[in-house]
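Computation of the quantities below employed the complete heavy-atom set of this structure, encompassing side-chain atoms and omitting hydrogens, waters and symmetry-equivalent molecules.
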2 protein chains.
Amino acid sequence: MIERRHLHTLTTLRDSGSLIEAAQRLHLTQSALSHQLKDLEQRLNLQLFVRKSRPLRFTTAGQRLLALADSVLPQFRQTERELLRLSQGETGRLHIAIECHSCFQWLMPAIDAFRDHWPDVEMDLASGFNFAPLPALTRGDLDLVVTSNPQSLPGISYIPLFSYEVLLAVSHRHPLAESTFIQAQDLAAETLISYPVERERLDIFTQLLDPAGIEPAAIRTAELTVMMLQLVASGRGVCALPNWALAEHSDKRFIRALPLGEKGIWTTLYAAVREDQLEMSFMRDFLGIAKDICFSSLTGVRPASKTV
Amino acid sequence: MIERRHLHTLTTLRDSGSLIEAAQRLHLTQSALSHQLKDLEQRLNLQLFVRKSRPLRFTTAGQRLLALADSVLPQFRQTERELLRLSQGETGRLHIAIECHSCFQWLMPAIDAFRDHWPDVEMDLASGFNFAPLPALTRGDLDLVVTSNPQSLPGISYIPLFSYEVLLAVSHRHPLAESTFIQAQDLAAETLISYPVERERLDIFTQLLDPAGIEPAAIRTAELTVMMLQLVASGRGVCALPNWALAEHSDKRFIRALPLGEKGIWTTLYAAVREDQLEMSFMRDFLGIAKDICFSSLTGVRPASKTV
DNA sequence: CTTAGACTTGAATCAAACTCATAAAATTAA
DNA sequence: TTAATTTTATGAGTTTGATTCAAGTCTAAG
């Protein structure tokens, strides 16, 4: 079995040119190296270097092992460095994915604030939505997923961020504009504008329309919140959005925001995190910053405390 | 220090899902694994996996180590396989470079014959001549160099292949055509055609012209032996070539081949090989095949026995 | 031929890794 | 829930193998 030790010996031997000096650098006796290399050569049944020559030369086999060492040793050292910093809580990785499309609005400032505190944490925000984020979180490809549908998974904790109400945005000229709240059947004749994601992720379907068995007359999609509201203002359809997203982007003169159902649809947004990462200081800090930013910059959100 | 052993343990732990099964696969006791992992975790000051769960889960740190393992372990195994085959002499690498331009003629059939015997030896023939082959041989980038200028280098052996005479090819109409041999001053008024390489590699310069301090009237180059002979036959110049190359390519009716100097210039071609490779069976076999092919297919060559 | 420097070798030492026996914890079945 | 079973942890003792020590061999230079 070739061990890391052997590779290390060979590289320092190459760097130093003699067993004696290599032994000094490795804080071993020269005898130890002699034994070690003789042993390896016997086990491989192969000579690794030519001793009787200055500077000493490596055989083909020795050169092959040096190639292995050059490829492999830096990787060992790199992960050791990373693990050391991990253990000291100085660093880590924070790859984030969001299921909630509007969340860019508060997540970006949160990430910016966080980066100031923790410059050594590697940040990433996955904007592609064509993969299931929660399995990726379990696997370790992601470290934090912002979701409103916590599903019990081993090793995953859901930290509540805040609760908000989903409202229906309609044009101020729209016949429904003066209603006190919206019922499912009101939407049967409407064009619904939504983000281009699966309908299972849209609360208006899962919580209002699907239970009532009602389908809107048409569905069209838009990528950006402002674009959706433009369409709504010009009477081209209606759309369901978080109250805070509406408060930020809509012009009160042209858009009315109405509760969905008698009691309104209230949703809680969670940060899904792997349990072992939850205790890391940078993770706690990120969650704190995120909540702070949400409550200070989003209007209409409520604290939510139920941990899942 | 993370050792190969640790990485192996972690991957089999991932594959088997429990310490007990992993221990069986590794031919160790479960206790050994428990100790080993506890040890590693303590040294890293980091938890690597969550025990109280089935199937067991790896923490971020554990996943980082698994990533290292996945990258590094296959490389260990690969070089171990290669070294095993190296030690059994079954395989190896034979990257060849030639300094002698005409040598393609016999080297190609030699390589073909060799490949039949040793299909697992990786062959390569470097045809680019823009690097110094002997240092590359020492470094291990090459394994065999065909050269006529053996220079003493540590760890390099020169195996004589054969001796040949360098002859001057002239047109049968040429004024020198009926001479018994050529003298340096005969060439002062001639156009010399040569391969496009440095003049230090051309015997006609190093052995005849430069010692006599004579320069040909003009020098022009050609890549291919047949092309050179075409030029000679049409009276556009003269060229020096190995007797065997001339015998193969020249038409006796139009070309005369004359010795250079009173005794002729005899050159020995060597295979330069790293000493440790010389003992390998495939290398000995290649050298044998090469000599056989040369003596059976080249006319005018002589054995040479002096080892350098 | 002698001598200094570099490597090898065998025996002794020591530490690390492993086993054994057993306890603790967790999971499953009743 | 308890009992039974499986899985993991732990401490003591053992084994392995890596290292040191001391003495010897080899090589190159004087």
A.B. asks: Is any N or O donor-acceptor pair between the side chain of B/Ser31 and the base of D/dT10 shorter than 3.5 Å?
C.D. replies: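 Answer yes: a donor N or O sits under 3.5 Å from an acceptor.
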A.B. asks: According to the interplanar angle, ranging from 0 to 90°, do the rings of B/Phe58 and B/Phe49 count as parallel (below 30°), tilted (30 to 60°) or perpendicular (above 60°)?
C.D. replies: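 If you compare the ring of B/Phe58 with that of B/Phe49, the planes turn out tilted.
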A.B. asks: Taking only the side-chain heavy atoms of B/His35 (C-beta and beyond), determine which of D/dC21, D/dG11, D/dA9 contains the nearest atom.
C.D. replies: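 Closest nucleotide to the B/His35 side chain: D/dG11.
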A.B. asks: OP1, OP2 of C/dA6 versus side-chain N and O of A/Arg51: anything below 4.0 Å?
C.D. replies: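 No, because none of the side-chain N or O atoms of A/Arg51 sits under 4.0 Å from OP1 or OP2 of C/dA6.
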A.B. asks: Which part of the nucleic acid does B/Leu28 contact within heavy-atom distance under 4.0 Å: base, sugar-phosphate only, or nothing?
C.D. replies: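 Here B/Leu28 touches the backbone only, sparing every base.
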A.B. asks: Hydrogens and angles aside, do B/Gln88 and B/Arg85 bring a side-chain donor and acceptor to less than 3.5 Å of each other?
C.D. replies: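 Judged by distance alone, the side chains do not pair up.
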A.B. asks: In terms of the angle between their ring planes, are A/Phe286 and A/Phe114 parallel, tilted or perpendicular, with boundaries placed at 30° and 60°?
C.D. replies: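 Perpendicular: the ring planes of A/Phe286 and A/Phe114 meet at over 60°.
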A.B. asks: Counting the atoms with a prime plus P, OP1 and OP2 as sugar-phosphate, which does A/Leu19 contact under 4.0 Å by heavy atoms, base, sugar-phosphate, or nothing?
C.D. replies: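 Contact class for A/Leu19: sugar-phosphate only.
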A.B. asks: Which one, D/dT19, C/dC18, C/dC7, comes nearest to the side chain of A/Arg5?
C.D. replies: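 Taking heavy atoms from C-beta onward, the closest nucleotide is D/dT19.
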A.B. asks: Can you find a side chain N or O atom of A/Gln36 that sits less than 4.0 Å from OP1 or OP2 on D/dT19?
C.D. replies: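 Affirmative; the distance criterion is met.
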A.B. asks: Which ones in residues 37-47 of chain B lie close to DNA chain C, meaning a heavy atom under 4.0 Å from one of its atoms?
C.D. replies: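 The stretch gives none, as no residue of it lies under 4.0 Å from the strand.
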A.B. asks: For A/Gln47 and A/Thr59, test the side chains for any donor-to-acceptor distance below 3.5 angstrom and give the result as yes or no.
C.D. replies: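 Short answer, no.
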